[in-house]
2 protein chains.
Amino acid sequence: MKISSEPSVGGELWEMLPVGPRRALAQAAASEFGKRGYHATTTRHIAEHVGMSPAGLYVHYASKAELLFTISRIGHESVLSESSAALEGISSPDERVHALVRSFTIWHAVNHNLARVIQYELRSLEPKHYQVIAAIRRSTEALAAEVFRPLFRDAESLSMHTVAILSLGIDVARWYVPGRSPDPIVLGEAYAKLARNLLRA
Amino acid sequence: MKISSEPSVGGELWEMLPVGPRRALAQAAASEFGKRGYHATTTRHIAEHVGMSPAGLYVHYASKAELLFTISRIGHESVLSESSAALEGISSPDERVHALVRSFTIWHAVNHNLARVIQYELRSLEPKHYQVIAAIRRSTEALAAEVFRPLFRDAESLSMHTVAILSLGIDVARWYVPGRSPDPIVLGEAYAKLARNLLRA
DNA sequence: GTCTATAGGTAGATAGAC
DNA sequence: GTCTATCTACCTATAGAC
């Protein structure tokens, strides 16, 4: 019945979908999948969320799997573009680390429901869909490694620290509870400082 | 500092269940739930894993939900007891942090399949089962906070750093791939050092 | 305790009226 | 494009033979 929107700091998360049922269903699916998990969510849950009959969904999406793919792709592209945008015009290695961790953390806090879907439902994607998503993830990981690289000599150390710092941001999606958790901006700043301490060794 | 020859690395995890079908089914369920998720796993998957007919399972467990509860409880109790054991006889605050993070990380790497179940399937537990699990989790979180407390003045800072450091260990369950990821002991040592850098601010 | 067979329920997706 | 009604498939759990 109620349409819940998941606010994005950039605000343009869902803009690649036309205003109307197609966007509303994607937002509803992100919310429901994020709360209950993909396999525990029924197409009826999603349809009810937008005040539609179970059959109405299939006019706009071919299947439940395509709905998962759509929101996963939008989420992954949003993380990548926001991270990239956060680094624009910043050249100091330390400041680039700060900007990346801050942006990544804020994204996972603000979009914690969608974040759960993109981080914890990869195994629910159909193989063909997974291929597309994996390519976007490789780009994001490459961007992060490029930001951290100036601070390390050997590749092994770079790899472990990259994984660890991304873990901090990703795990926010697991525990974040709006209202009970820190404000996203505050958390982003704090985690950015944490990351710089962590790397200064 | 903990002596590295000692860690039992999960050897006694399932000992509270009798040798036989009841233990085998629990281990199979941990493996299947960890790989595919609770709702995507059928009782047939679990039964086949131990070479049993779908009906055979119900002689040893009342339901799929009880199977989830059983392995979740065993996993949570194992984390708590291993963490507690790792701290035994260590009084230096710095060394206690090292021992706790090391043990916690190793547990999540060695038992990454079971770890996924206990960290990511909390919402799949029935309410009554969840109450029991939540109580164990509170004990574990209290233990961690007690270890980190000597290093902080204000409660807010303690809380944020506790969450961040536990995130490092928990997220290991998400990305760990045996063979392709670092050896659990090596990872545990590295993350313990990371945590001490992170707290030294 | 384990099996085969199946009941009972529900999910994803389609048919066809409007 | 949206609805109501329903099909088909599959899943959890039980019945009853051995």
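Below, chains carry the letters A, B, ... as their sequence lines are ordered, and counting in each starts from 1.
- Between B:His39 and A:Pro54, the residue anchored nearer the 5' end of DNA chain D, judged by the nucleotide with its closest heavy atom, is A:Pro54.
- In this model, the phosphate group of D:dC11 is not approached by any side-chain N or O of B:Thr43 to a distance below 4.0 Å at OP1 or OP2.
- B:His76 places a side-chain N or O within donor-acceptor distance of the main-chain N or O of B:Ser72, the cut-off being under 3.5 Å.
- In this structure, the side chain of B:Tyr61 engages the main chain of B:Arg22 through a donor-acceptor pair within 3.5 Å.
- Separation of the A:His161 and A:Phe148 ring centroids does not fall under the 6.0 Å cut-off.
- Regarding A:Leu57, its CG atom lies at a distance of 12 Å from the C1' atom of D:dT2, rounded to whole Å.
- For A:Ser53, no side-chain nitrogen or oxygen approaches OP1 or OP2 of D:dT4 to under 4.0 Å.
- If you measure from atom CG of B:Leu68 to atom P of D:dT12, you get 13 Å, rounded to the nearest angstrom.
- For the pair A:Tyr58 OH and C:dT14 C1', the computed distance is 10 Å after rounding to whole Å.
- In this structure, the nucleotide among C:dA13, C:dG1, D:dA13 sitting nearest to the side chain of B:Val59 is C:dG1.
- Counting only distance, with no hydrogens or angles, the side chain of A:Ser159 and the backbone of A:Ala155 share no donor-acceptor pair below 3.5 Å.
- To the nearest angstrom, P of C:dA13 lies 10 Å from CD of A:Glu66.
- Counting non-hydrogen atoms under 4.0 angstrom, A:Thr42 reaches the backbone sugars and phosphates but no base.
- Minimum atom distance to the side chain of A:Lys64 is reached by C:dA13, of the listed C:dC3, D:dA13, C:dA13.
- In this structure, of D:dT12, C:dA13, D:dC3, it is D:dT12 that holds the atom nearest to the side chain of B:Arg44.
- Whole-Å rounding puts the A:Glu32 CD to C:dG12 C1' distance at 16 Å.
- Of the possible polar contacts, one joining the B:Thr105 side chain to the B:Val101 backbone as a donor-acceptor pair under 3.5 Å is found.
- Rounded to an integer number of Å, the gap from A:Glu48 CD to C:dT10 P is 14 Å.
- As rounded to whole Å, 16 Å separates atom P of C:dG12 from atom OH of A:Tyr61.
- Map A:His45 and A:Ala55 each onto its nearest nucleotide of DNA chain C; the residue landing nearer the 5' end is A:His45.
- Between B:Leu25 atom CG and D:dT12 atom P the separation is 14 Å, expressed in whole Å.
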